[in-house]
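Here the structure is laid out as structure tokens; the discussion comes afterwards.
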Amino acid sequence: MGKLYDELSKDIEIKHSMYACMDCGTCTALCAAAEFYDYSPREVMDIVQSRDDEKIKELISSNKIWYCGQCLSCKQRCPRGNNPGGVILALRRLSEKTGLFAESEKGRQQLIAKRLFGDNMLKRGYTLLATNPIPSHFPELGEDWEYYHEHIKEMREWWGVPMDLENSPGCHRMVPEKDMEELRAIYKATGAVDLMNKVEEGMAKKLGGKEEVEKFWQSYQDNVDSRLYKIKEKK
Amino acid sequence: MRREGKARVWEKHQKAIPSADEPGGNKWGFVRSCLLQAVAPFTEGIIHKVMTGKGNKGLGMDIRESAGHTSCGAIGFHGDVTMLETQMVVAARNFSMAHYDLGVDNFFCTCVTSFGNYCEIIELWEHEPELLEYTKKTLEETTGRKFWIPKVSGGRPSVVHASDVIYANIKKLAKKAEFSLDGVKATDHLGCHYSKIFPDESVGGGEFPRLLAGMIEAYGGELVDYPERRHCCGMGFRQCAIPENRGYTAACVYKKMKSLKKTDPDCKLMITNCPGCGVFLDAEQGTIAQVMGEKFDVHVMNYAQLAGLMLGYDPFKDCGFNVKYVPIEPLLDKIGMEYDKSKTQKERRRPFGP
Ligand code: SF4
Ligand code: SF4
């Protein structure tokens, strides 16, 4: 048993997701991610169960933990009552806390997740905003989606779901500032703000400073593909 | 005897949801979905219309939300920017506001991922008294609010999803319906976070999913089963949200659509209850057509849009079929619903000029 395993086992999600895995592979057989990627929840469970810190370190530095789609189909079918998707959640948090997420291409995408879901939540009280799924990021939604975005306010009023109303119920309303303060206090007290900071810090360390992180972000914004940013080799 | 046994087994898979005629079933507190408001905002509109509409236009219910409630944040949880502790206190805050500020005892959410997350949290509170204490204490310290736990299903700590509320009233809705699915083949796609994380919290349990199937049949449709019916739509949080990962989403949709087409090529309607499924099962058909050159033309709509159509609400202004990849008109023709044929397909979708 090592330090990483000890840290991992403190996560509530692990306590409720990891009983004794019998390596049957049921989870891998039905896993959407296993079909699409070189990924196997059974293998993940096997590594965590081994309690081998070297193997855990390798796992949380790799793309693998980021392949899971969090459908939790595995939880429903595991004959031992395990929840591999829950174990993944704990592994991902450990990867973020140790900065190892920044070692893999899929891990570095956490900067995008943090600036999208996390920052949105702290700014507006929603993980996703009406202005996020812009046509350049969702070309498959087609021309009608472009039209909707060009007329976003009017279209929403026309559908009966006006946006950004103040001091009012409704979809995509402005959450009053005093409520936002409560939400931010919760995010701070429960460790979410720390976790998000770890993502920014881990990226700065890997890419060589905050400025590089902004370049990574800008490159993603401009190209809609985070892979086009090239990490400078350390001299 | 055999029948009795079957009835007993079936009973185990039922879920108690107060209907509008039962005590408390006419007054609900609810919370919004950030995924819906971002990718399918019209859904929030049609849910509201069907639940509150008077006479034959809806269930005439009193549904309330507080201006200060927030997203549950579960997209950020499954997108790895929050802790489970965060989720617990944010959930407790939303519950507390519903009960103490709005004066309601019943509570539903419009997002399936909120539903799964709330179920997980309630289970943890039930099993780990120290987490319950932690939540109460942190809620008080950060917001000054008092803790309240909803007990919506059968008097035990629980919440329900908006689609559960519709299902509980489905016979009534079907009676009010102006249109039917008579002669229409349809299948269902339940959100994974509705039916797989806590299968016992879904109508029909994990093995006999009835929620959407029951709606299809209540409106007179013919239910189609197919091998990949329970496969995930591939929304996948970071998988759909970050465009370079979206091949994952498209691959899942492709797998499902191929399986449906092979089983029954005449089944062109899929009913959903999760915000993500409703968007991606439709939109990725566009990607597949481009990349693989294969067309499926399966209409994907959620339970509220379906109820809206059946009650005779306008398919565009009320149900929001303006922004679907698969054009809705062939289905409208099938169910005999009129629409303005003097306009082009584009014009019908663009109320504010070209
Ligand atoms: S289904 Fe359960 S027991 Fe089987 S390999 Fe997966 S986690 Fe282990
Ligand atoms: S939650 Fe993750 S590991 Fe489990 S079946 Fe879904 S994609 Fe696979």
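Quick note on labels: first sequence line is chain A, next is B, and so on, each numbered from 1. Keep in mind that the numbers below use all heavy atoms, side chains included, and drop hydrogens, waters and symmetry copies. Worth saying up front: this structure is predicted, and the values here are computed from it rather than measured.
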Nearest-0.5 Å distance that lies between atom CD in Glu140(A) and atom CG in Asp282(B): 10.0 Å
Under the criterion side chain to side chain contact (heavy atoms under 4.5 Å, CB included), I'd like the reasoning laid out for Ile12(A) against Met88(B): C-alpha separation, chi angles, the key distance, then a yes or no. CA-CA 12 Å; Ile12(A) 312 172; Met88(B) 287 188 203; 4.0 Å; yes
Has the side chain of Gln239(B) got a donor or acceptor atom that lies under 3.5 Å from a matching backbone atom of Cys68(A)? yes
N/O donor-acceptor pair under 3.5 Å between Gln37(B) side chain and Leu128(A) backbone: yes
Begin with the C-alpha distance, continue with both residues' side-chain angles, and end with the deciding distance and a verdict on salt bridge (charged side-chain N to carboxylate O under 4.0 Å, His left out) for Lys346(B) and Asp144(A). CA-CA 8 Å; Lys346(B) 232 180 204 161; Asp144(A) 293 324; over 6 Å; no
Between the main-chain N or O of Leu84(B) and the side-chain N or O of Glu13(A), is there a donor-acceptor pair closer than 3.5 Å? no
For Tyr39(A), which residues count as a ring pair (Phe, Tyr, Trp, His ring centres under 6.0 Å) partner, sequence neighbours excluded? none
Residue Arg64(B) versus chain A: region with a heavy atom under 4.5 Å: neither
Does Arg238(B) make a cation-pi contact with Phe117(A), if we ask for NZ or CZ under 6.0 Å from the ring centre and within 45° of the axis? no
Side chain to side chain contact (heavy atoms under 4.5 Å, CB included) with Val81(B): of Gln110(A), Met121(A), Arg93(A), only one passes, and it is Gln110(A)
Rounded distance [0.5 Å steps], CD1 in Ile186(A) versus OG1 in Thr82(B): 11.5 Å
Taking side chain as everything from C-beta outward and backbone as N, CA, C, O, which of these in Arg32(B) sits under 4.5 Å from a heavy atom of chain A? Side chain, backbone, both or neither. side chain
Can you tell me how far CZ of Phe198(B) sits from NZ of Lys75(A), rounded to the nearest 0.5 angstrom? 4.0 Å
State which residue, out of Lys198(A), Arg92(A), Lys114(A), Lys97(A), fulfils the salt bridge (charged side-chain N to carboxylate O under 4.0 Å, His left out) condition with Asp80(B). Arg92(A)
Could you check whether any side-chain N or O of Trp159(A) sits under 3.5 Å from a backbone N or O of Cys319(B), counting only pairs where one atom can act as donor and the other as acceptor? no
Residue part contacting chain A, namely of Leu131(B), when any heavy atom lies under 4.5 Å: side chain
Could you tell me the separation between the CG atom of Asn245(B) and the CZ atom of Phe36(A), rounded to the nearest 0.5 Å? 8.5 Å
Determine yes or no for a side-chain-to-main-chain donor-acceptor pair under 3.5 angstrom, with Glu65(B) supplying the side chain and Gly170(A) the backbone. yes
Hey, mind stepping through Arg77(A) and Glu207(B) against salt bridge (charged side-chain N to carboxylate O under 4.0 Å, His left out) and telling me if it holds? CA-CA 11 Å; Arg77(A) 292 291 180 216; Glu207(B) 307 308 327; 2.9 Å; yes
Would Val39(B) and Leu141(A) count as a side chain to side chain contact (heavy atoms under 4.5 Å, CB included) here? Give the steps. CA-CA 10 Å; Val39(B) 294; Leu141(A) 290 173; 5.7 Å; no
Is Lys317(B) reaching over with its side chain to a backbone N or O of Trp158(A), donor-acceptor style, under 3.5 angstrom? yes
For Met97(B) and Glu182(A): C-alpha separation, side-chain torsions, deciding distance, then whether side chain to side chain contact (heavy atoms under 4.5 Å, CB included) applies. CA-CA 12 Å; Met97(B) 291 182 98; Glu182(A) 290 182 13; 5.7 Å; no
Separation between NZ (Lys153(A)) and CZ (Phe352(B)), nearest 0.5 Å, reads 13.5 Å
Is Arg173(A) reaching over with its side chain to a backbone N or O of Ala67(B), donor-acceptor style, under 3.5 angstrom? yes
Are His16(A) and Glu123(B) linked by a side-chain donor-acceptor pair shorter than 3.5 Å? no
Enter the distance from Asn322(B):CG to Met155(A):CE here, rounded to the nearest 0.5 Å. 4.0 Å
Using every non-hydrogen atom in the two residues, find where Leu116(A) and Ala241(B) come nearest and quote the distance to one decimal. CD2-CB, 4.3 Å
Under 4.5 Å from any heavy atom of chain A, what part of Glu44(B) do you find: side chain, backbone, both or neither? both
Part of His172(A) within contact of chain B (heavy atom distance under 4.5 Å): both
